[in-house]
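Below: one structure, written as structure tokens.
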Protein chains: 2
Amino acid sequence: MSSGVANAKAIDSLKALAEPIRLEIIEALFTGEKCVCDLIQETGLAQSKISFHLKVLKEAGIITDRQSGRWVYYQLDTRTLKSLQNWIKKLRKGCLNEASPCE
Amino acid sequence: MSSGVANAKAIDSLKALAEPIRLEIIEALFTGEKCVCDLIQETGLAQSKISFHLKVLKEAGIITDRQSGRWVYYQLDTRTLKSLQNWIKKLRKGCLNEASPCE
DNA sequence: AGCATATATCAAGAATAATTGATATATCAA
DNA sequence: TTGATATATCAATTATTCTTGATATATGCT
């Protein structure tokens, strides 16, 4: 039996990444943390739309936020992407479940 | 600007993986190629459901199929997972676009 | 030929996700 | 305090994905 918990987390990450706007946001965050207003400017997208996608990314653990005055700054948490990368590696090698561990 | 084509392919893979039944199918294919009837047996799921998910996986390039008589055998193409793993690595490192290549 | 089996596909409905415009809340500045 | 700005959230709509039961197609067996 495979680890349902780990798979559930991976699925959250996968879903979060599988969307063009969210990828755009992630790429925008590479040059450092940004407030929502920065992201609105860079992308030209509606504020509620940006906030919606930021929430999905945040709930998947791909970004974190911090408030400062009126602004909320978002930044990448690359550890989650690293975990996902590792999960895919295990999936690929067939050692996702404890019964057949990676050597 | 990032590579829209590569991102589109990655999104197909991500979407395909982000579903529990499809993960179950992938894991079942680790012990070798299987016909649809094997997968129905192992999972207990309806045939049309299995076929639906196999199609998604196939269109994403994660599995391939081969017909033999009345049976269609599916197997993993781990190269696609390897590509995805690499894509995530690049995303994580911020070198997905040509403008900032990985060192 | 006739029948059974394996699989794909389709249409309808259900469930989930995304978009949009509006409103609410909090913070700062004047 | 008043007004402006930043962000979140909500309700309604639209779009996408998944499920289900039915039917179609192909293959092989008798």
Side-chain angles (χ1 to χ4, degrees), chain A residues 4 7-29 32-77, chain B residues 4 7-29 32-77:
Chain A
N7 281 1
K9 257 208 130 239
I11 284 178
D12 284 346
S13 298
L14 292 165
K15 274 195 206 164
L17 293 183
E19 215 283 334
I21 292 177
R22 291 196 285 266
L23 286 186
E24 198 179 345
I25 291 174
I26 289 171
E27 292 180 15
L29 293 180
E33 71 172 9
K34 301 258 171 81
C35 62
V36 180
C37 52
D38 289 335
L39 294 168
I40 290 169
Q41 274 244 309
E42 284 189 37
T43 63
L45 298 169
Q47 181 264 316
S48 64
K49 193 184 268 190
I50 298 273
S51 282
F52 170 78
H53 289 294
L54 284 170
K55 189 179 188 186
V56 175
L57 288 169
K58 184 183 162 188
E59 284 174 350
I62 292 171
I63 60 177
T64 57
D65 63 342
R66 125 189 123 74
Q67 180 158 9
S68 172
R70 268 180 288 184
W71 293 269
V72 178
Y73 291 93
Y74 286 90
Q75 74 174 347
L76 280 176
D77 183 347
Chain B
N7 280 1
K9 257 207 131 242
I11 284 178
D12 284 347
S13 298
L14 293 165
K15 275 195 205 164
L17 294 182
E19 214 284 333
I21 292 177
R22 292 197 285 266
L23 286 186
E24 198 179 347
I25 291 173
I26 290 172
E27 292 180 17
L29 293 180
E33 70 172 10
K34 302 258 170 81
C35 64
V36 181
C37 52
D38 290 335
L39 294 168
I40 290 168
Q41 275 244 309
E42 285 189 36
T43 63
L45 298 170
Q47 181 265 316
S48 65
K49 193 185 267 189
I50 298 271
S51 283
F52 170 78
H53 289 296
L54 284 170
K55 189 178 188 188
V56 175
L57 288 168
K58 184 182 163 190
E59 285 175 350
I62 291 170
I63 60 178
T64 59
D65 63 342
R66 125 189 126 75
Q67 180 158 7
S68 172
R70 268 183 287 185
W71 293 270
V72 178
Y73 291 93
Y74 285 91
Q75 73 174 349
L76 279 176
D77 184 348

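In the text below, chain A, chain B and the rest are named by the order of the sequence lines, each starting its count at 1.
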I50(B) side chain near F52(B) side chain, heavy-atom distance below 4.5 Å
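Not touching, per the 4.5 Å side-chain cut-off.
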Are any non-hydrogen side-chain atoms of L54(B) and V36(B) less than 4.5 angstrom apart?
yes
Scan for salt bridge (Lys or Arg N to Asp or Glu O under 4.0 Å) pairs involving residues 43-53 of chain B, sequence neighbours excluded, and state none if there are none.
none
Length of the [atom1]-[atom2] vector between [X] and [N], whole Å:
X	N	atom1	atom2	value
L45(A)	dA18(C)	CG	P	14 Å
E19(B)	dA15(C)	CD	P	15 Å
I11(B)	dT16(D)	CD1	P	14 Å
L57(A)	dA17(C)	CG	P	14 Å
D12(A)	dT16(C)	CG	C1'	14 Å
K15(A)	dA18(C)	NZ	C1'	14 Å

Protein-nucleotides 5-11 of chain C N/O pairs closer than 3.5 Å?
| residue | atom | partner | partner atom | Å |
| --- | --- | --- | --- | --- |
| dT5(C) | O4' | R70(B) | NH1 | 3.1 |
| dT7(C) | OP1 | V36(B) | N | 3.2 |
| dT7(C) | OP1 | V72(B) | N | 3.2 |
| dT7(C) | OP2 | C37(B) | N | 2.5 |
| dA8(C) | OP1 | Y74(B) | OH | 2.5 |
| dA8(C) | OP2 | S51(B) | OG | 2.9 |
| dA8(C) | N7 | Q47(B) | NE2 | 2.6 |
| dA8(C) | N6 | Q47(B) | OE1 | 3.1 |

Residue pair V56(A)/Q67(A) against DNA chain C: nearer the 5' end by closest nucleotide is V56(A)
Rounded to 10°, the angle between the first-five-pair and last-five-pair axes of the helix from dA1(C)-dT30(D) to dA30(C)-dT1(D) is 10°
Counting any heavy atom closer than 4.0 Å, what does I21(B) reach on the DNA or RNA strands: base, sugar-phosphate only, or nothing?
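Since only primed, P, OP1 and OP2 atoms lie under 4.0 Å of I21(B), the category is sugar-phosphate.
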What pairs with [X] under side-chain hydrogen bond (donor to acceptor under 3.5 Å, both in side chains), at least two apart in sequence or on another chain?
X	value
K58(B)	D65(B)
E33(B)	R66(B)
K34(B)	T31(B), E42(B)

My understanding is that only residues two or more places apart in sequence, or in another chain, count here; which of them pass side chain to side chain contact (heavy atoms under 4.5 Å, CB included) with Q41(A)?
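Partners of Q41(A) under the side chain to side chain contact (heavy atoms under 4.5 Å, CB included) test: none.
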Is the shortest side-chain N/O distance from H53(B) to OP1 or OP2 of dT19(D) below 4.0 Å?
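Yes, within the criterion.
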Partners passing salt bridge (Lys or Arg N to Asp or Glu O under 4.0 Å) against D12(A) (at least two apart in sequence or in another chain):
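For D12(A), no residue satisfies salt bridge (Lys or Arg N to Asp or Glu O under 4.0 Å) once neighbours in sequence are set aside.
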How would you list, by chain and number, every residue that makes a salt bridge (Lys or Arg N to Asp or Glu O under 4.0 Å) with E59(B), sequence neighbours excluded?
none
